[in-house]
Structures are given as C-alpha cells and as structure tokens.
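See structure below.
Keep in mind the model is a prediction, meaning the values are calculated, not measured.
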Amino acid sequence: MKAAALYSAAGSLLLTTLAAAPAGGAPGTPGRPGAPGTAELRGTAVAVARARAAGIDFGPCAAADLPDPPAGVRCGTVTVPLDYARPDGRQIRLTVSRAPATHKDPHNSKRKVPRQGALVYNPGGPGASGMYFPLAGAVPQWKRIAAAYDLIGYAPRGVGRSAPLSCVDPRHFFKAPTASPVHPSEAYKRQRIAEAQAYARGCVQRSGTAIRFYNSLNNARDLDVLRAALGEDRLTFMGASYGTYFGTLYAAMFPSHVRRMVLDSAVNPDPERIWYRSNLDQSAAFEERWADFRDWVARHDDVYGLGATSAAVQRSYDTARERLAGKAAGGKVGPGQLQNVLLTAGYYDDYWPSRAEALSAYLHGDPGPLVRLAAPSPGTAAEAENAGAVYTAVECNDAPWPTDFAVWDRDNTRLARVAPFETWDNAWMNLPCAYWPVPRQQPLDVRTGPGELPAVLVLAAERDAAAPYQGALELTRRLAGSVLVTERDAGTHGVGGGPNKCVNGHLEAYLLEGRVPARHASCAPRPEPVAVASGGSAGKEARRDALKGKGNRR
C-alpha cells in the first residue's frame with residue numbers, strides 16, 4: 001500500500017527540525033482461524049526469556065544506523081529468531097537506539113521528573129526505520145514526554161542493518177524519467193505485469209526463501225522481545241501509520257503486556273481489507289486530499305498563478321504532465337516523478353507551499369525547484385530500495401492477494417474513473433503481490449473484550465488519505481476501551497507531537513498520567529499552511545523525499 005512516508009509524524013518533524021512470556025488468553029489458541037500457532041507462542045516465550053537475560057549493550061551508534069547523534073543517544077542490538085516456530089534456529093539482530101529520560105521539566109527547571117520507563121516508537125512503512133526517534137527529545141512538543149521516558153527507536157526486521165532485505169540491485173532501483181498514465185494502455189499494462197513478476201522473483205533471488213518470515217505477526221513478536229530486552233515488564237508503545245497495524249496485533253496477542261499504547265493514523269485492521277482492499281480505499285481517499293490541495297492552491301492564485309479554481313489548478317497539473325512527457329525536466333523528472341512528489345502533498349499540509357511553488361516555477365520556465373524535489377538521488381538508492389523490499393515482502397506475506405490480473409484491472413479501472421490521481425500508480429506498486437512466490441498468511445481477526453487491555457489512545461486526522469479515517473473508527477470498535485481523538489477537517493498523516501496543541505494535550509495526558517478522555521474527543525484543525533514562494537523549502541526537502549523511491553509507504 002502506497003502509504004506512510006518513510007518518516008511519519010515524529011520522523012518527518014525530526015528531519016525538518018534538526019518490547020515475559022505470551023499472555024494467557026491471547027489469541028494464539030490452536031484452532032482459532034488465523035491465529036498464531038502454539039509453536040510460535042512457545043518460541044516467543046523462549047526468545048523473550050533470552051532477551052531479558054541478555055539485555056541490550058548500548059554504545060556508540062554506527063553511522064549507518066544513526067549518523068552524528070547528539071550526546072546521550074546510544075545504540076545497540078537485540079537478537080530475535082527469524083522463525084519463532086524454531087527459536088533455536090537462525091537468529092537475526094535488530095538495531096535499537098535510545099535517549100535516556102532527561103528528568104528535566106521544560107516548564108520548571110527546579111523540578112526533577114521521575115522516569116516512567118521506555119517509550120518504543122515505530123513510524124510506519126512497512127520499511128521505515130525508527131532509529132531517529134530519540135532525537136525527538138530536542139523538539140519542543142516532545143520535551144515533557146522525553147523528561148519521563150527513555151525514547152527508544154529501532155529498525156524492524158529487514159530494515160537498515162536489521163537483517164536487511166533486497167529485491168533489486170540498488171544501482172537499478174531508481175528509474176527516471178517514468179510515465180504515469182491515468183488511463184494505461186494494454187501494452188503499458190503488459191509492461192507493468194512483466195516488471196512486477198520480475199520484481200517478485202528478484203525478492204526471493206536476492207533475499208532467499210527466509211523472506212517469508214518478514215511479516216506483521218513477527219513484527220509484533222519482535223516488539224515483545226524488544227520489550228523484554230529493555231527490562232520492561234509492560235510495553236509503552238507509540239505506532240504511527242503501519243506501526244498501528246502491528247501495534248494492534250501486539251495488543252491482541254499480548255494484552256497483559258501492554259502498559260500504554262498510542263496508535264496514530266490508524267490502519268484499518270479488518271482482515272478483509274489487509275491489504276488489497278486497503279489500497280483501493282487509500283487511492284479513493286487520496287483523490288479527496290488532492291482536491292484539498294488544489295482548493296488551497298486556487299485560494300492563493302495571487303502567489304502561485306496556477307489558477308483561481310480547483311479545476312484550473314488541475315489543468316495546470318495536466319499541462320505540466322504533458323510537457324514532462326515530451327521532455328523530462330533535468331533529464332530525470334517525468335510525469336511519474338511529478339505525480340510522486342505531488343502525492344506527498346496528500347500526506348503533509350506543510351508540504352503544500354513547496355509543491356505549489358515547484359509546479360508554478362516549472363510552468364513559468366524554471367524547472368529548478370521541481371528537479372530538486374522530484375529527481376531521484378543516487379546517494380539514497382540503497383536505502384530506498386531496502387525500504388521498498390521490506391514494504392513489498394511484509395504486505396505480500398501478510399494476506400492473500402488476487403492472483404489474476406483481470407481482478408486488478410477491473411477494480412482499478414473502475415476506481416480510476418472517479419479517483420484518477422493515485423489509483424494506477426498505487427496498483428503498480430503493489431502488483432508484485434499478485435505473483436508473490438512464497439506462501440501467504442491469513443490476517444489475524446483482531447478483537448479484544450472489556451477489561452482485556454488497558455485503555456488505548458487512538459489519534460486520527462479526519463481527512464487522512466494514507467490511513468483513511470474509517471480505519472480509526474474500525475480500530476476503536478475492535479479494541480475494547482480504546483478512545484479516539486480526532487483532528488477535524490484535517491488531513492496530515494501523523495498528528496501526535498505535531499503543531500496541534502489540543503492533540504498534544506491528549507497525548508501528554510495519556511503518556512504522562514494515564515488519562516484518556518471520557519469519550520471520543522475532537523480537536524479543531526491546525527492552521528492551514530502559509531502560502532509563500534520562498535525558493536528555499538524545495539531544496540531542504542529534496543533528500544527526505546528522495547528516500548521514498550518507489551513511492552510513499554504507510
């Protein structure tokens with residue numbers, strides 16, 4: 001699913017401003033449809049006991065894990081089984097980062113804040129690394145939380161140096177310029193089918209048959225091993241985007257191991273939507289966010305000159321696509337790169353000015369800002385290829401996918417009639433799952449009853465496209481006692497720790513005091529971005545966006 005950016009809420013902010021034995025009663029009972037087997041449960045218990053005894057030896061961070069970390073941030077590894085059904089078999093190491101609790105009250109320098117434990121964070125993906133999370137403690141919105149918690153980031157299995165996956169030689173990962181037809185021809189479809197088949201084969205050829213163990217259930221088990229290695233009896237966890245999905249699995253599999261859990265920008269955990277239908281939902285939602293962006297640009301026609309109506313802005317975008325199809329900007333930016341960089345505007349409102357500026361400059365004769373934002377960077381190819389490989393492996397392994405392209409063709413052709421902006425590009429990104437050469441799992445049907453789980457705080461933006469709002473509603477129905485905080489009339493993907501003081505107030509009350517609203521709560525939206533044409537923002541974001549490679553991830 002083309003979803004969460006490599007760095008969701010906190011990670012995006014950082015780059016711009018600077019887990020005991022399985023609980024009894026967990027859904028691992030033999031015979032329950034889709035439930036983990038007893039072998040995996042026993043294997044998890046073995047791995048947890050070993051991790052608790054070994055702990056984590058934190059030391060200086062390798063540049064490949066976290067370059068130039070501030071003083072106090074240290075890194076280490078935790079060992080987990082590749083296959084939890086065989087805990088004495090092959091082991092893999094996951095990289096971990098930590099910033100100890102500061103104990104400093106940002107509002108009262110004389111007050112020493114007591115430590116509450118470790119807060120483990122995952123920014124989403126699949127394929128994103130959370131190694132940067134300890135740096136969040138320097139951001140004002142996170143200082144109260146950083147005073148009470150060790151901030152723990154980690155790279156999930158397959159990501160970075162955590163037993164990395166690869167599906168294609170990184171030197172050949174970035175293909176540019178590329179097309180992005182809204183209504184693809186039969187010949188183009190055949191080309192993309194062949195590419196998807198080759199990519200799926202390449203995943204097994206480069207990473208081996210062990211790739212089948214890279215899935216969301218194992219990500220949840222790894223989280224419990226990490227909890228034990230950190231010396232925590234119960235887990236305090238914050239997951240954004242895809243991180244909410246395996247966080248939800250963790251809550252169902254290990255309910256008595258949960259202390260506090262924040263699920264920000266929730267993935268719909270309904271097994272029927274993992275992952276094929278979830279992608280269709282997402283493409284439909286991106287059409288609405290694309291309209292939000294166009295409306296904003298139209299209201300600021302005096303700044304960008306792209307049209308005074310949403311339809312006029314669409315025509316400007318279509319004009320740029322046509323020109324780029326004829327001649328790529330900078331030799332690297334074609335319609336595909338244009339679509340991808342404007343797709344990021346659907347994730348984050350604060351990207352709107354730079355995207356509008358780049359489109360305007362290009363149409364007015366200056367391709368520079370667009371090239372800086374959209375052209376792939378060879379220096380980030382290896383990281384982007386790795387993220388793409390993990391994304392594909394996890395989503396393909398997690399659930400059955402249609403194996404007949406006629407089904408994909410029918411569903412995406414229908415959807416593209418009303419949601420053309422993202423539909424086919426999303427389909428092409430996920431098409432390798434139609435030809436995936438290793439066995440699939442059945443998604444876990446997550447449900448917890450009253451009293452099984454501590455209160456869970458769910459955060460969501462009402463117009464989030466990457467994780468449509470219906471997912472947050474479904475999640476709160478499935479996790480008994482969970483409470484939803486909604487940022488109304490807003491669509492930024494990942495709202496916790498951002499600029500909305502109301503949302504952050506609920507986040508701090510929960511993490512610091514264990515308080516949740518008595519019922520579902522809502523917050524007014526953050527202010528819209530200020531329309532500026534500064535010429536500076538595009539370059540500052542170029543490296544971050546280049547990491548997205550094949551497209552954004554959940």
Euclidean distance, Ser283 OG relative to Asp411 CG, rounded to 0.5 Å: 11.0 Å
Test item: side-chain donor near acceptor, Trp290 and Gln314, under 3.5 Å: yes
Backbone of Phe173 reached by a side-chain donor or acceptor of Glu385 within 3.5 Å: no
Test item: side-chain donor near acceptor, Asn268 and Gln470, under 3.5 Å: no
Within the 6.0 Å centroid threshold, strictly below: Phe246 and Tyr242: yes
Gap between atom CG of Asn215 and atom CG of Asp398 - 0.5 Å precision: 6.0 Å
Closest heavy-atom pair and its distance - Ala345, Trp352: O-NE1, 2.7 Å
Heavy-atom side-chain proximity of Leu82 to Tyr214 below 4.5 angstrom: yes
Straight-line distance of Leu459 CG to Asp264 CG, nearest 0.5 Å: 4.5 Å
Cys75 side chain near Met131 side chain, heavy-atom distance below 4.5 Å: yes
Note, Leu370 side chain near Leu359 side chain (heavy atom, < 4.5 Å): no
Closest approach of Ala252 to Val446 (non-hydrogen atoms, all atoms of both residues): CB-CG1, 3.8 Å
Heavy-atom side-chain proximity of Val120 to Leu230 below 4.5 angstrom: yes
Val204 vs Arg212 side-chain heavy atoms within contact, under 4.5 Å: no
Heavy atoms of other groups near Arg86 CZ, more than 12 under 6.0 Å: no
Thr244 side chain vs Ser241 backbone, donor-acceptor pair below 3.5 Å: yes
Salt-bridge contact Arg478-Glu474 (side-chain N to carboxylate O under 4.0 Å): yes
Close side-chain approach of Tyr245 to Ser216, heavy-atom, < 4.5 Å: yes
N/O donor-acceptor pair under 3.5 Å between Gln91 side chain and Pro87 backbone: yes
Audit row: Arg74, Ser97, side-chain contact (heavy atoms from CB on, under 4.5 Å) steps and yes/no: CA-CA 6 Å; Arg74 294 289 184 267; Ser97 56; over 6 Å; no
Tyr469-Asp464 side chain donor-acceptor pair, cut-off 3.5 Å: no
Electrostatic pair Asp292-Arg289, nearest N-O below 4.0 angstrom: yes
Side chain Glu395, main chain Ala393, donor-acceptor under 3.5 Å: no
Approximate separation, where rounding is to 0.5 Å, of Ile211 CD1 and Gln205 CD: 11.0 Å
Nearest-0.5 Å distance, CE of residue Met429 to CZ of residue Arg192: 11.0 Å
Flag, side chain of Gln337 to backbone of Thr178, donor-acceptor distance under 3.5 Å: yes
Residues Asn397, Gln441; criterion side chain to side chain donor-acceptor pair (under 3.5 Å); working and verdict: CA-CA 6 Å; Asn397 285 333; Gln441 297 183 330; over 6 Å; no
Aromatic plane relationship, Trp424 with Phe405 - under 30° parallel, 30 to 60° tilted, over 60° perpendicular: tilted
Pair Asp318 + Arg323: basic N to acidic O under 4.0 Å: no
Considering all heavy atoms, the nearest Val333-Pro177 contact: C-CB, 4.1 Å
Atom pair CG (Leu217) and CG (Leu444), whose distance is rounded to the nearest 0.5 Å: 6.0 Å
Validation row, ring centre Phe286 to ring centre Tyr347 under 6.0 Å: yes
side-chain contact (heavy atoms from CB on, under 4.5 Å) assessment of Arg98 paired with Val73: CA-CA 6 Å; Arg98 181 185 69 179; Val73 175; over 6 Å; no
Within 6.0 Å of CD in Glu272, more than 12 heavy atoms from elsewhere: no
Any side-chain donor near an acceptor of the partner, Thr95 and Arg161, under 3.5 Å: no
Thr423 side chain to Asn412 side chain, donor-acceptor N/O pair below 3.5 angstrom: no
Test side-chain contact (heavy atoms from CB on, under 4.5 Å) applied to Val80 and Leu94, step by step: CA-CA 8 Å; Val80 301; Leu94 312 183; 4.2 Å; yes
Note, Tyr121 side chain near Ile152 side chain (heavy atom, < 4.5 Å): no
Check: Asn430/Trp275 side-chain N/O donor and acceptor closer than 3.5 Å: no
Smallest separation among heavy atoms of Ala375 and Lys332, with atom names: CB-CB, 4.0 Å
Closest non-hydrogen atom pair, Cys167 against Ala389: SG-CB, 3.6 Å
Side-chain donor-acceptor pair present, Asp222, Tyr84, cut-off under 3.5 Å: yes
Distance-only polar pair, side chains of Glu422 and Gln339, donor-acceptor under 3.5 Å: yes
Under 3.5 Å: donor-acceptor pair, side chain of Asn386, backbone of Leu165: yes
Full working for salt bridge (Lys or Arg N to Asp or Glu O under 4.0 Å) between Asp409 and Lys189: CA-CA 9 Å; Asp409 198 8; Lys189 292 174 185 177; 2.8 Å; yes
Heavy-atom closest pair, residues Gln442 and Pro400: NE2-CG, 3.5 Å
Ionic contact status for Asp224 with Arg221, cut-off 4.0 Å: no
Verdict with reasoning, Gln197 to Ile193, per side-chain contact (heavy atoms from CB on, under 4.5 Å): CA-CA 6 Å; Gln197 292 170 331; Ile193 290 170; 3.8 Å; yes
Heavy-atom side-chain contact between Tyr351 and Phe293 under 4.5 Å: no
Donor-acceptor side-chain pairing of Arg93 and Ser162 below 3.5 angstrom: no
Trp436 ring center near Tyr199 ring center (under 6.0 Å): no
